Trainee: 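I am attaching a structure below and will ask some questions about it afterwards.
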Amino acid sequence: MALIDGTRLRLAAETFRSPGALAPATILTTARMTLAPASPDDGPELASLEFDAEVMRFLGPPGLPEDDSAPFLRPRGGEPGIWTARLRSDSSFVGWFALIAAEDRSGTAELGYRLRSADWGRGLATEGATAVLQHGIATMGLTRVRATTMTVNTGSRRVLDKLGFVHVETRHLDWPAPLPGSEKGDMFYELDTRRYREIHSQQ
């Protein structure tokens, strides 16, 4: 099964402390999930995703030490721009969603998400990302949202297609420790929020 992780989000830890980062003070509710601002109490569950071999297939080796400077987002709770997702039915942990605004406050943000492999294939990534996007567009005045995934990550590509993102380019980046499939490149996507609003206003 393909990894459900909408972006590799190769951002340094200081991005969390950026004045442009969105602090999700609002609890979001979908048909099946509650998305709440990530807190330190969520830390162990957030970290558990990095021990799931399927989740890490397009990110790096599972179980990286805490002091490792991994080139992808590793939330531990309390960072702005991160929501922890739980099922409404039993409050079980599903994963996290992120919307990180550009530091220059240009109206651009980057979408990310990471879900437990046990919850893949249920439409939860699309459901949660839709809620985050709608909240961000309504409250932040976003004009464009970006996302990135490996070309071989067909699961993430399907999710981004469903959300209305458009593939704008493929880059072949020079990673220090290339993952299998990295030779096919990374796909960069964008979502025009004005077009997004037009489409959804007609539904």
Side-chain angles (χ1 to χ4, degrees), residues 4-30 33-40 42-43 46 49 58-59 69-86 94-115 124-150 153 156-157 159-169 171 173 186-201:
I4 300 300
D5 179 8
T7 178
R8 297 173 82 183
L9 275 177
R10 300 282 175 162
L11 302 175
E14 56 265 23
T15 302
F16 287 133
R17 298 187 292 273
S18 158
L22 169 66
T26 303
I27 295 176
L28 307 177
T29 302
T30 73
M33 292 183 293
T34 298
L35 278 58
S39 76
D42 300 321
L46 295 169
L49 293 172
F58 299 118
L59 293 170
S69 56
F72 55 84
L73 214 54
R74 303 177 73 188
R76 292 296 182 265
E79 304 91 347
I82 310 291
W83 284 266
T84 298
R86 298 182 183 280
V94 173
W96 57 258
F97 293 85
L99 194 63
I100 307 294
E103 294 185 27
D104 60 6
R105 301 184 184 274
S106 61
T108 301
E110 188 159 5
L111 173 73
Y113 45 87
R114 194 168 301 150
L115 276 62
L124 294 173
T126 304
E127 184 176 319
T130 297
V132 169
L133 285 171
Q134 291 178 344
H135 175 70
I137 291 170
T139 63
M140 296 174 64
L142 296 177
T143 59
R144 192 172 306 277
V145 181
R146 295 172 176 156
T148 311
T149 190
M150 291 180 72
N153 190 344
S156 277
R157 290 169 56 187
V159 171
L160 294 174
D161 287 341
K162 290 178 183 177
L163 293 170
F165 280 79
V166 176
H167 173 230
V168 293
E169 67 174 317
R171 300 180 192 171
L173 305 174
D186 290 84
M187 298 181 70
F188 288 73
Y189 289 80
E190 290 187 356
L191 176 69
D192 183 311
T193 60
R194 182 176 61 179
R195 178 60 179 156
Y196 182 86
R197 285 192 294 265
E198 289 175 354
I199 294 172
H200 285 271
S201 67

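For reference, positions follow the sequence shown, starting with 1. Keep in mind it's a predicted model, so treat the numbers as computed, not measured.
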Trainee: How many angstroms lie between CD in Glu79 and OG in Ser39, if you round to the nearest 0.5 Å?
Mentor: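 Glu79 atom CD to Ser39 atom OG measures 10.0 Å (nearest 0.5 Å).
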Trainee: Specify the closest pair of heavy atoms between Ile82 and Pro75, including all atoms of both residues, with the distance to one decimal.
Mentor: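 Closest approach of Ile82 to Pro75, heavy atoms only: CG2-CB, 4.1 Å.
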Trainee: Please name the residue in the list Leu163, Leu111, Asp192 that meets the side-chain contact (heavy atoms from CB on, under 4.5 Å) test with Val145.
Mentor: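 Answer to the side-chain contact (heavy atoms from CB on, under 4.5 Å) test with Val145 among Leu163, Leu111, Asp192: Leu111.
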Trainee: Can you sort out the partners of Glu127 under side chain to side chain contact (heavy atoms under 4.5 Å, CB included), two or more places apart, ordered by chain and number?
Mentor: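 Testing Glu127 for side chain to side chain contact (heavy atoms under 4.5 Å, CB included), a comparison that skips the adjacent residues, returns Thr30, Ala31, Arg32, Met33, Leu124.
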Trainee: If I compare all heavy atoms of Leu99 with all of Gly136, which pair ends up nearest, and what's the gap?
Mentor: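 Looking at all heavy atoms of both residues, the shortest contact is CD2-CA, 3.7 Å.
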Trainee: Heavy atoms, side chains only, cut-off 4.5 Å: are Trp96 and Leu49 in contact?
Mentor: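 A side-chain contact exists here, since the closest heavy-atom pair is under 4.5 Å.
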Trainee: Taking all atoms of both residues into account, what is the closest heavy-atom pair of Val159 and Ala125, and its distance?
Mentor: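 Here Val159 and Ala125 meet closest at CG2-CB, 4.1 Å.
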Trainee: If the condition is side-chain hydrogen bond (donor to acceptor under 3.5 Å, both in side chains), which residues does Thr193 pass it with, not counting sequence neighbours?
Mentor: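 Per chain and number, Thr193 pairs via side-chain hydrogen bond (donor to acceptor under 3.5 Å, both in side chains) with no residue.
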Trainee: Using every non-hydrogen atom in the two residues, find where Ala147 and Leu160 come nearest and quote the distance to one decimal.
Mentor: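 That closest heavy-atom pairing would be CB-CD2, 3.8 Å.
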Trainee: Checking Arg194 now: which residues fulfil side-chain hydrogen bond (donor to acceptor under 3.5 Å, both in side chains) with it, not counting sequence neighbours?
Mentor: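 Per chain and number, Arg194 pairs via side-chain hydrogen bond (donor to acceptor under 3.5 Å, both in side chains) with no residue.
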Trainee: Do the side chains of Thr130 and Lys162 get nearer than 4.5 Å, heavy atoms only?
Mentor: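 The answer is no, as the side chains (C-beta and beyond) never meet within the 4.5 Å cut-off.
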Trainee: Show the nearest heavy-atom pair for residues Gly128 and Leu35, with the distance to one decimal.
Mentor: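 It is O-CD2, 3.8 Å.
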Trainee: Identify, with sequence neighbours excluded, every residue that meets ring pair (Phe, Tyr, Trp, His ring centres under 6.0 Å) alongside Tyr189.
Mentor: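 With neighbours one apart ignored, the set is His167.
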Trainee: How far does CE of Met187 sit from CZ of Arg171, to the nearest 0.5 angstrom?
Mentor: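 Going from the CE atom of Met187 to the CZ atom of Arg171 covers 12.5 Å.
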Trainee: By side-chain hydrogen bond (donor to acceptor under 3.5 Å, both in side chains), which residues pair with Arg157, not counting sequence neighbours?
Mentor: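 side-chain hydrogen bond (donor to acceptor under 3.5 Å, both in side chains) check on Arg157 returns nothing, list empty.
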Trainee: What salt bridge (charged side-chain N to carboxylate O under 4.0 Å, His left out) pairs are there with at least one residue in residues 129-144, not counting sequence neighbours?
Mentor: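 Pairs touching residues 129-144 that pass the test: Arg144-Glu190.
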Trainee: Could you please spell out the steps behind the side chain to side chain contact (heavy atoms under 4.5 Å, CB included) verdict for Leu133 and Phe165?
Mentor: CA-CA 11 Å; Leu133 285 171; Phe165 280 79; 4.1 Å; yes
Trainee: I'd like to know if the side chain of Trp83 and the backbone of Thr26 have a donor-acceptor N/O pair within less than 3.5 Å.
Mentor: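 Present.
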Trainee: By side chain to side chain contact (heavy atoms under 4.5 Å, CB included), which residues pair with Thr34, not counting sequence neighbours?
Mentor: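 Scan of Thr34 (side chain to side chain contact (heavy atoms under 4.5 Å, CB included), adjacent residues dropped) gives Ile27, Arg88.
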